[in-house]
Amino acid sequence: TKEQKTRMTTETNDRPEPVIWFEGTLISSPRQSGGAEDWLLETMAVGTATRKIILHASGREHSANIRDHARKGSRLMVKGAAGDEGSGIDIEAISLAFDPSHDEPDGDR
């Protein structure tokens with residue numbers, strides 16, 4: 001019936017998910033999670049020396065960037081969104097930049 005079809009429609013969420021930005025340091029070497037282009041990174045945000053943040057990054061571009069630039073102690077800039085509750089992932093990475101690329105325009109520290 002028409003009434004049943006109406007009840008089965010999905011609701012739309014007009015509010016976009018908040019974007020999270022932070023600068024931090026890798027506290028361990030990145031590790032693959034699942035597939036070859038799926039990574040977990042343990043970080044510490046600047047100014048929060050007590051809380052580990054788990055990042056998840058996936059995809060070809062993230063993988064190349066992580067393989068080429070991410071090492072324990074690397075500084076990074078992160079743009080992301082909140083991870084799914086209960087997943088153990090704090091932030092899903094949208095964009096990652098590792099040092100020295102975000103230090104100075106010419107790469108100098």
Side-chain angles (χ1 to χ4, degrees):
T1 68
K2 196 175 215 179
E3 183 181 18
Q4 289 172 325
K5 287 181 185 178
T6 303
R7 278 191 252 148
M8 294 180 69
T9 60
T10 58
E11 294 180 12
T12 58
N13 183 356
D14 293 342
R15 285 191 263 167
E17 193 169 322
V19 174
I20 300 163
W21 289 86
F22 76 90
E23 183 172 354
T25 302
L26 289 179
I27 58 175
S28 65
S29 295
R31 64 184 193 272
Q32 289 183 309
S33 169
E37 295 181 353
D38 199 27
W39 296 86
L40 291 178
L41 299 96
E42 294 181 348
T43 66
M44 196 72 72
V46 170
T48 60
T50 59
R51 186 169 188 281
K52 176 173 60 173
I53 299 169
I54 304 295
L55 293 176
H56 176 249
S58 61
R60 183 174 296 149
E61 288 181 19
H62 282 311
S63 291
N65 190 16
I66 290 166
R67 277 191 214 100
D68 292 346
H69 303 289
R71 307 286 178 270
K72 181 179 178 179
S74 295
R75 293 182 310 155
L76 72 158
M77 291 287 293
V78 176
K79 175 183 176 184
D84 291 335
E85 192 171 329
S87 70
I89 295 168
D90 298 307
I91 297 175
E92 288 287 340
I94 296 168
S95 179
L96 297 172
F98 294 95
D99 68 333
S101 65
H102 75 274
D103 286 344
E104 299 290 334
D106 62 2
D108 291 338
R109 291 184 180 200

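Start at 1 with the first residue, then count along the sequence. Every heavy atom of this structure was used, including side-chain atoms; hydrogens, water molecules and symmetry mates were not.
Taking all atoms of both residues into account, the shortest heavy-atom contact from Ser28 to Glu42 is OG-OE1, 3.1 Å. When all heavy atoms of Gly80 and Ile91 are compared, the closest pair comes out as CA-CG2, 3.8 Å. Ala70 and Leu26 get closest at one heavy-atom pair: CB-CD1, 3.7 Å. Ser63 and Glu37 get closest at one heavy-atom pair: OG-CA, 3.0 Å. Taking all atoms of both residues into account, the shortest heavy-atom contact from Ile66 to Arg71 is O-NH1, 3.8 Å.
Taken together through direct or relayed side-chain contacts under 4.5 Å among Ile, Leu, Val, Met, Phe, Trp and Tyr, Ile20 and Leu76 form part of one hydrophobic cluster. If you chain together hydrophobic residues whose side chains sit under 4.5 Å apart, Phe98 and Leu40 never meet in one group.
Interatomic distance, CD1 of Ile94 versus NE2 of His62, reported as 8.5 Å (0.5 Å rounding). Put simply, CD on Glu92 and CD1 on Ile54 are 12.0 Å apart, with the number rounded to the nearest 0.5 Å. Atom-to-atom distance recorded for Met77:CE and Phe22:CZ is 9.5 Å, nearest 0.5 angstrom. Taken from NZ in Lys72 to OG in Ser74, the straight-line distance is 11.5 Å, to the nearest 0.5 Å. For the atom pair CG (Leu41) and CD1 (Ile27), the distance works out to 10.5 Å, reported to the nearest 0.5 Å. Taking CG of Leu55 as the reference point, atom CD1 of Ile89 lies at 9.5 Å (rounded to 0.5 Å).
Listed for the Thr25 side chain is no donor-acceptor partner under 3.5 Å among the backbone atoms of Met44.
Inspection of the His56 and Asp38 side chains reveals an N or O donor paired with an N or O acceptor under 3.5 Å.
In this structure, Glu61 places its CD atom where only 12 or fewer heavy-atom neighbours from other residues, nucleotides or ligands lie under 6.0 Å away.
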